[in-house]
A.B. asks: 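Please read through the structure below; I'll follow up with questions.
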Amino acid sequence: MTEPSTQQPRRSPLPPTDTHSGGRSTVPLDSTAQLLARITAQLGTQLSLVSRNGTRRPMHRTRPSDTLRPSDTPRHPAAPRPSPAEAAPPTLLVVAHGSRDPQALRTVLALLDRVRDLRPGLDVRLGHIELNQPLLPDTLDGLRGSDAVLVPLLLGRGHHVKHDLPAAAAAAPSVRTRIAAPLGPHPLLVEALYGRLVEAGWDPADEGGRRAAVVLAAAGSRDPDSAQDTRRTARMLAERLGGVPVVPAYASAATPTVPAALRALAARGRHRTFVASYFTAPGRFASAAASAAPRTAAVPLGAHPAMARLLLHRYDQALSATAPSEMVSLLASA
């Protein structure tokens, strides 16, 4: 027994629907002309894929450059490359002498705060040669693998600058160090001395007078370079005071002493004398010099604004000296 044949209705050559935007549209083709146009377009596409020898040409994807003129191609500026992060500057390691006077440490810390205010973001640390914490070797130990510039809070060339600081740097090979010149002599140091004298009662009317004089009271050192630096600072201060005599005197290791310098000035008719305290912070020597003054002595240089600027100047100066020979010359001519 044969199954009845089920004839399906003949399908149209093209589906009775149109495609639009990737989806199936239900709108019927509304004319024979439209149907013929679609058949012709499809035949043209197929024929374009066949070469003259009957072989099929490979299909290529259309690229924007195939259909757009160069002037039509949208141009987008290249995104700027992020600049490499700048390396952190070396630490400014201020090296103070140290003192048993509790005011000394407070004064030095106030000075370091001024330095930080002038240059935000700079790592500023403290190390003492003796008597106070932190000691210089301990501060260096906390900087392993880093760069640091040792800026002595010392006023001239002497044993500490020439021997103690290089020895401490050599004992910390894990820290890349440079040693800056001592603070003096320098015009900024003279400005700090002048400012302290004015605070102590110095009258600019005395400048050029025959009765006024200043004793520059310093710690003293057996190193001749240290004494030379102090004498040079005394000459610079005398110029700043309009020619008033400024006599260097010392609390130890050198002559004349502060009382002896005051007596010598009085013998020359210089009875209006002031004592300029050539010390970075309070301490035993600064107190001894002040006690010899016939009137109020100037306080130590301490956290005077010019001192903060001078520390940063010595720091920058050391960074600009790239060769060891430049550092030697810097220390010799400071």
Side-chain angles (χ1 to χ4, degrees), residues 96-108 131 153-156 158-160 182-185 189-207 209-224 226-304 307:
H97 183 278
S99 171
R100 291 185 177 88
D101 189 326
Q103 286 289 338
L105 180 57
R106 287 193 284 268
T107 300
V108 173
L131 301 176
L153 191 60
L154 303 168
L155 300 174
H159 183 82
H160 296 311
L183 299 185
L189 196 57
V190 173
E191 282 304 306
L193 286 166
Y194 181 83
R196 294 306 191 204
L197 281 171
V198 171
E199 293 170 358
W202 173 265
D203 188 349
D206 289 325
E207 297 177 9
R210 295 187 176 182
R211 298 182 64 249
V214 172
V215 171
L216 182 64
S221 170
R222 294 182 178 88
D223 190 312
S226 178
Q228 179 183 345
D229 291 343
T230 304
R231 289 193 298 270
R232 183 178 170 191
T233 299
R235 291 194 298 269
M236 294 170 68
L237 181 59
E239 294 175 3
R240 181 67 177 84
L241 294 172
V244 170
V246 177
V247 177
Y250 306 96
S252 68
T255 57
T257 64
V258 174
L262 288 168
R263 289 193 298 268
L265 287 170
R268 294 162 49 189
R270 302 280 177 173
H271 296 288
R272 185 170 169 76
T273 54
F274 288 78
V275 173
S277 186
Y278 198 43
F279 302 96
T280 58
R284 178 167 60 93
F285 288 160
S287 297
S291 65
R295 53 179 48 85
T296 303
V299 300
L301 300 166
H304 191 280
M307 292 287 286

A.B. asks: Applying side chain to side chain contact (heavy atoms under 4.5 Å, CB included) between Val214 and each of Leu265, Val246, Val275, Leu193, report the one that passes.
C.D. replies: Val246

A.B. asks: Do the side-chain N and O atoms of Tyr278 and Thr233 include a donor-acceptor pair separated by under 3.5 angstrom?
C.D. replies: yes

A.B. asks: Could you give the distance from CD (Glu199) to NE2 (His304), rounded to the nearest 0.5 Å?
C.D. replies: 6.0 Å

A.B. asks: Write down the atom of Pro282, the atom of Ala104, and the distance for their closest heavy-atom approach.
C.D. replies: O-CB, 3.3 Å

A.B. asks: Working to the nearest 0.5 Å, report the span between OG1 of Thr107 and CG of Leu301.
C.D. replies: 11.0 Å

A.B. asks: For the residue pair His160 and His97, categorise the inter-ring angle as parallel (less than 30°), tilted (30 to 60°) or perpendicular (more than 60°).
C.D. replies: perpendicular

A.B. asks: Supply the atom-to-atom distance Ser252 OG to Arg222 CZ, rounded to the nearest 0.5 angstrom.
C.D. replies: 7.5 Å

A.B. asks: If you look at every heavy atom in Pro182 and Leu155, which pair is closest and at what distance?
C.D. replies: CB-C, 4.4 Å

A.B. asks: How about CZ on Arg284, more than 12 heavy atoms from neighbouring residues, nucleotides or ligands closer than 6.0 Å, or not?
C.D. replies: no

A.B. asks: Quick check: closest heavy atoms across Thr273 and Arg295, and the distance to 0.1 Å?
C.D. replies: O-NH1, 3.0 Å

A.B. asks: Please check: side-chain N/O of Ser291 versus main-chain N/O of Ala288, any donor-acceptor pairing under 3.5 Å?
C.D. replies: yes

A.B. asks: Does the Thr255 side chain pair with the main chain of Thr257, one donor and one acceptor, at a distance under 3.5 Å?
C.D. replies: no

A.B. asks: Work out which heavy atom in Arg196 is nearest to a heavy atom in Ala298; give both atom names and the distance.
C.D. replies: O-CB, 3.6 Å

A.B. asks: Working to the nearest 0.5 angstrom, can you tell me the gap between Leu241 CG and Phe274 CZ?
C.D. replies: 10.0 Å

A.B. asks: Using modelled atom types only, decide if a donor and an acceptor are shared between the side chain of Arg270 and the backbone of Ala212 within a distance under 3.5 Å.
C.D. replies: yes

